[in-house]
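The structure under discussion appears below in the form of structure tokens.
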There are 2 protein chains.
Amino acid sequence: MALEHAILVSLLEKPGSGYELARRFERSIGYFWTASHQQIYRVLKRMESDGWVDVRDVPQQGRPDKKEYSVAALGRDALAGWLHEPIQPESVRHDLAVKIRGAAFDDPAALIREVERHRQAHTERLAHYLAGQARDFPESRSPGTDACTGPGSDPHPVALPSPPDAGRELQHVVLRGGIAYERMMLDWLDDVLATLRRLGSAR
Amino acid sequence: MALEHAILVSLLEKPGSGYELARRFERSIGYFWTASHQQIYRVLKRMESDGWVDVRDVPQQGRPDKKEYSVAALGRDALAGWLHEPIQPESVRHDLAVKIRGAAFDDPAALIREVERHRQAHTERLAHYLAGQARDFPESRSPGTDACTGPGSDPHPVALPSPPDAGRELQHVVLRGGIAYERMMLDWLDDVLATLRRLGSAR
DNA sequence: ACTCACATGTAACGGGTTACATGATTGA
DNA sequence: TCAATCATGTAACCCGTTACATGTGAGT
């Protein structure tokens with residue numbers, strides 16, 4: 001389980017209400033972990049009773065009051081503990097792969113539309129990630145593998161990434177992972193489409 | 001939900017017992033869908049009472065008797081129905097990404113070991129997939145992108161993939177997806193390690 | 001009047017994980 | 001005798017999803 005830890009990370013990056021957390025889970029954090037507001041409120045309540053987070057009532061004008069959550073000492077400890085214990089590499093769950101193998105007992109061509117829909121969704125996500133990267137990390141160029149970030153790309157050789165910049169760097173490497181994932185998926189879905197079309201035209 | 005559909009696909013490919021299914025979920029099917037034996041027995045029982053599968057007691061000598069399950073007409077219909085209804089592109093869950101962002105509030109260097117462990121696991125999975133590909137699909141060569149499967153690679157131009165071969169082709173394209181995923185992960189984990197080491201040496 | 005964004009919840013259900021439980025046969 | 005493989009389950013618990021529920025204030 002990591003939802004509570006994801007919430008701790010998000011609240012450490014910036015305190016906020018359950019509603020705000022829910023919106024973050026549709027955006028940045030949601031790139032690699034999803035959660036609905038119902039889930040968040042439920043877990044937040046448990047975390048509060050466990051003393052992992054502090055709550056503060058924030059009256060607002062022009063909109064409903066909110067509860068602002070921030071990480072307490074116990075929460076920090078819990079996060080540190082989790083960070084230091086090993087987790088096992090997650091197992092994959094691909095509905096689409098099940099469908100593709102199932103298509104052998106149905107009409108493979110009938111899946112083409114579905115795969116195209118998924119391809120479209122991944123294209124949009126990739127564009128979204130790339131836009132985020134261009135906005136938040138404008139220093140990263142080269143749409144390629146990013147492998148050759150040699151010297152000279154930095155305009156003025158300021159200090160090496162100091163602790164305050166670590167969070168930014170880490171957010172960026174996670175985002176690069178999302179980008180790599182979407183690119184891989186697009187390539188594979190093209191492979192799938194080619195295979196389905198080949199099978200369809202062969203009969 | 002797709003476990004019952006994954007089971008249907010597996011039983012269509014070959015009838016078998018709950019135990020055998022559990023082992024398949026550790027191997028081929030398990031590449032893209034995991035399930036424990038407890039889960040399988042539970043779902044199998046429901047599928048039986050729903051008339052999706054037929055059971056046959058198979059007495060064995062030298063080992064305990066088993067129940068062999070096979071797909072019934074209703075199960076075939078259920079699978080066909082599921083194949084034709086759209087599913088939404090699955091959302092991602094990456095514990096490791098949460099940890100990486102969390103490392104900003106802890107010691108980034110402490111994560112290196114963990115990431116190396118994951119890298120090792122993905123290396124092994126990739127090797128496993130490649131071995132499976134070499135065993136089951138020896139006609140596929142070129143460890144590259146597989147993009148240029150031009151003419152001439154086929155020794156004798158036999159018939160185009162006819163329906164009996166469709167299942168094989170589809171299994172292969174799913175396996176190629178697994179291979180692409182593991183390669184992408186290895187590249188990304190190298191990127192993560194480089195980032196963590198850079199942050200560690202900077203302080 | 002209606003809809004949208006903000007804000008917080010409860011309840012029910014089903015899926016997934018973990019622990020526990022049983023029992024036969026084979027081989028070291 | 002002990003461990004491993006084959007074979008089938010039950011029970012408890014938590015997580016995630018879906019549906020339902022309530023209320024404010026801003027803008028059209």
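The model shown is predicted, which means the values in this text are computed figures rather than measured ones. Throughout, a chain's letter reflects where its sequence line sits, starting with A, and its residues are numbered from 1.
The closest donor-acceptor contact from the side chain of B:Trp188 to the backbone of A:Val173 lies under 3.5 Å. A distance-only check finds a donor-acceptor pair linking the side chain of A:Glu114 to the backbone of B:Ile87 [under 3.5 Å].
Look at B:Lys67 and you'll find a side-chain N or O under 4.0 angstrom from OP1 or OP2 of D:dG9. For the OP1/OP2 pair of C:dG9 and a distance below 4.0 Å, the side-chain nitrogens and oxygens of A:Lys45 include at least one atom meeting the criterion. In this model, the phosphate group of D:dT8 is not approached by any side-chain N or O of B:Tyr19 to a distance below 4.0 Å at OP1 or OP2.
One interatomic measurement links the two molecules: CD of B:Glu48 to P of D:dG9, which rounds to 9 Å at whole-angstrom precision. Between B:Gln38 atom CD and C:dG16 atom C1' there is a gap of 10 Å when expressed in whole angstrom units. The CD1 atom of A:Ile40 sits 15 Å away from the P atom of C:dC6 (whole-angstrom rounding). The separation between B:Glu20 atom CD and D:dG9 atom P is 14 Å, rounded to whole Å. Atom pair B:Lys66:NZ and C:dT22:C1' shows a separation of 20 Å (rounding to whole Å applied). The distance between atom CZ of B:Arg63 and atom P of C:dT26, rounded to the nearest whole Å, is 10 Å. The separation between B:Met47 atom CE and C:dG15 atom C1' is 15 Å, rounded to whole Å. Taking atom CG on A:Asp65 and atom C1' on D:dG23, their separation rounds to 12 Å, with Å as the unit.
As judged by a 4.0 angstrom heavy-atom cut-off over every strand, B:Ser17 is placed among residues touching the sugar-phosphate backbone only. Using a 4.0 Å heavy-atom criterion, one finds that A:Gln60 contacts the sugar-phosphate atoms exclusively.
Of the candidates C:dT17, D:dT8, D:dC20, C:dT17 carries the atom nearest the B:Ser36 side chain, counting heavy atoms from C-beta on. Here the side chain of A:Glu4 is nearest to one of C:dG15, D:dC15, C:dA7, namely D:dC15. With D:dG16, C:dC6, C:dA24 as the choices, the nucleotide that has an atom nearest any side-chain atom of B:Pro64 turns out to be C:dA24. When each of C:dG15, C:dA12, C:dA7 is scored by its nearest atom to the side-chain atoms of B:Arg46, the top-ranked nucleotide is C:dG15. Residue A:His37 has its side chain nearest to C:dT8 when only C:dG16, D:dA19, C:dT8 are considered. Among the nucleotides D:dT8, C:dG16, D:dC15, the one closest to any side-chain atom of B:Tyr41 is D:dT8. Distance from the side chain of B:Arg23 is smallest for D:dC6 among the nucleotides C:dT17, D:dC6, D:dA19.
Both A:Glu68 and B:Gln39 lie close to DNA chain C; mapped to their nearest nucleotides by heavy-atom distance, the more 5′-ward contact belongs to A:Glu68. Mapping A:Gln61 and A:Leu3 onto DNA chain D by nearest heavy atom places A:Leu3 at the nucleotide closer to the 5' end. Residue B:Trp33 is the one, among B:Gly62 and B:Trp33, whose nearest nucleotide of DNA chain C lies closer to the 5' end (criterion: closest heavy atom).
B:His128 has its ring centre less than 6.0 Å from the ring centre of B:Tyr31.
Between B:His5 and B:Trp82, the two ring planes are parallel [angle under 30°; tilted spans 30° to 60°].
Residues B:Gln120 and B:Glu116 have side chains that never bring a donor and an acceptor to within less than 3.5 angstrom of each other.
Separation of atoms CZ (A:Arg119) and CG (A:Leu96) is listed at 13.0 Å; rounding is to 0.5 Å.
Between the side chain of B:Arg42 and the base of C:dT17 there is at least one donor-acceptor pair of N/O atoms closer than 3.5 Å.
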